[in-house]
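Data block below; observations after.
Convention: sequence-line order gives letters A, B, ...; per-chain numbering from 1.
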Protein chains: 2
Amino acid sequence: MTPAATARSSRDLPHPAREEIRLEGVLHALSDPVRLRIVRVLAADSDELFSCSYFDLPVTKSTTTHHFRVLRESGVIRQVYRGTAKMNGLRRDDLDALFPGLLDALLAAATRQAARPAND
Amino acid sequence: MTPAATARSSRDLPHPAREEIRLEGVLHALSDPVRLRIVRVLAADSDELFSCSYFDLPVTKSTTTHHFRVLRESGVIRQVYRGTAKMNGLRRDDLDALFPGLLDALLAAATRQAARPAND
DNA sequence: CGACTCGTACGATAGACATCGTAGTACGGC
DNA sequence: GCCGTACTACGATGTCTATCGTACGAGTCG
């Protein structure tokens with residue numbers, strides 16, 4: 001037995017299985033500006049993992065934790081502990097399998113809006 | 001000449017201008033199952049207008065009014081009075097101009113999810 | 001006019017949510 | 001073993017939201 005397969009630490013984070021991911025949940029998760037921002041950063045380098053503290057967000061740490069949890073529970077991101085840090089990555093494979101083209105369209109839309117004259 | 005062309009009711013409904021439509025708002029509007037359902041029906045025939053009562057929704061009339069207002073205020077649908085009825089249509093032109101491909105990706109995702117084994 | 005239909009407005013309510021601060025837990029290094 | 005760093009858990013709070021019921025306004029048709 002590989003220890004990895006059975007080593008269920010208390011620091012194990014619950015993720016929804018691919019089939020449990022709901023479109024409504026994903027949309028709700030991305031309808032918050034802070035979370036949308038997080039996802040855009042993660043998407044910029046999909047193969048990389050980023051710690052929570054990597055992000056420069058306009059909210060406190062408690063709130064940051066909350067947002068990351070919403071993203072994880074809705075199935076948008078994957079979180080893994082690595083030492084004291086919690087690494088975050090986009091679940092692009094799952095999302096693309098479930099909803100082909102959606103993530104790209106969403107990211108393109110976000111980029112487009114960010115490029116609009118009047119705002120962030 | 002049909003009077004219909006000029007018969008504008010005094011009741012005017014406020015819609016956001018194209019540039020005022022926010023991605024977050026659109027996503028939030030579509031993150032509710034009832035509203036997503038409405039949009040899917042509207043999208044099935046984009047050139048047609050449907051009255052509110054056309055939809056068979058699992059909520060009361062008051063709630064239905066509420067959902068249609070959320071959709072209108074977020075810029076997803078357009079509403080026009082026609083006699084006692086209020087006709088609803090998707091703002092596909094504006095959404096496609098702002099976020100090319102997004103609406104189609106969202107609708108495809110919704111269809112795909114609806115076709116999934118376990119649910120609506 | 002009067003009745004009927006369609007949708008609105010208003011008020012109430014229960015639940016969700018974004019936000020914060022403080023106190024605490026897990027891990028890695030000294 | 002002890003300290004600092006990274007994140008969490010918990011509790012509080014104000015706001016938003018989905019829902020309802022009832023009462024009303026606007027338009028159509030007899």
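- Of the candidates D/dA18, C/dA18, C/dG7, the closest approach to any side-chain atom of B/Asp32 belongs to D/dA18.
- Remark: B/Ser53 is not in phosphate contact with C/dT5, judged by side-chain N or O atoms under 4.0 Å from OP1 or OP2.
- Listed nucleotides C/dG7, D/dC7, C/dA18 differ in distance to A/Tyr81; the shortest reach to its side chain belongs to D/dC7.
- Contact check of residues 56-63 of chain B against DNA chain D (heavy atom, cut-off under 4.0 Å) returns B/Val59, B/Thr60, B/Ser62, B/Thr63.
- The nearest whole Å value for the distance from the CD atom in A/Gln79 to the P atom in C/dA26 is 17 Å.
- Considering only side-chain N and O atoms, B/His67 lies under 4.0 angstrom from the phosphate OP1 or OP2 of D/dT19.
- In this structure a side-chain-to-backbone donor-acceptor pair under 3.5 Å is missing from B/His28 to A/His28.
- Classification of B/Arg92 and B/Asp104 as a salt-bridged pair holds, one side-chain N sitting under 4.0 Å from a carboxylate O.
- Comparing B/Arg69 and B/Thr84, the nucleotide of DNA chain C nearest to each residue sits closer to the 5' end for B/Thr84.
- Partner of B/Leu103 under the side-chain contact (heavy atoms from CB on, under 4.5 Å) criterion, chosen from B/Leu98, B/Asp96, B/Val76: B/Asp96.
- Note: CG (B/Leu49) to C1' (C/dC6) measures 16 Å, nearest angstrom.
- In this structure the side chain of B/Tyr81 reaches within 4.5 angstrom of the side chain of B/Leu13, judged on heavy atoms.
- The phosphate of D/dG27 has neither OP1 nor OP2 within less than 4.0 Å of any side-chain N or O from B/Arg82.
- One side chain, A/Thr60 or A/Thr63, offers a donor N or O that lies under 3.5 Å from an acceptor on the other.
- Rounded to whole angstrom, the span from the CE atom of A/Met87 across to the P atom of C/dG28 amounts to 13 Å.
- D/dA18 atom C1' lies 15 Å from atom CD of B/Glu73, rounded to whole Å.
- For the pair B/His66 and A/Arg72, nearest-nucleotide mapping onto DNA chain D gives the more 5' position to A/Arg72.
- If you measure from atom CG of A/Asp12 to atom C1' of D/dC7, you get 16 Å, rounded to the nearest angstrom.
- Whole-Å rounding puts the B/His28 NE2 to C/dA16 P distance at 14 Å.
- When heavy atoms are screened at a 4.0 angstrom cut-off, A/Ser51 is found touching the sugar-phosphate backbone but no base atom.
- Between B/Phe68 atom CZ and D/dT17 atom C1' there is a gap of 18 Å when expressed in whole angstrom units.
- Pairs passing the salt bridge (Lys or Arg N to Asp or Glu O under 4.0 Å) check and including a residue from residues 69-78 of chain A, sequence neighbours excluded, read A/Arg78-A/Asp93, A/Arg78-A/Asp94.
- In terms of modelled atom types and a separation under 3.5 Å, the side chain of B/Gln113 and the main chain of A/Leu23 share a donor-acceptor contact.
- Comparing A/Gly83 and A/Val34 by the nucleotide of DNA chain C that holds the closest heavy atom to each, the one mapping nearer the 5' end is A/Val34.
- Regarding B/Glu24, its CD atom lies at a distance of 17 Å from the P atom of C/dC17, rounded to whole Å.
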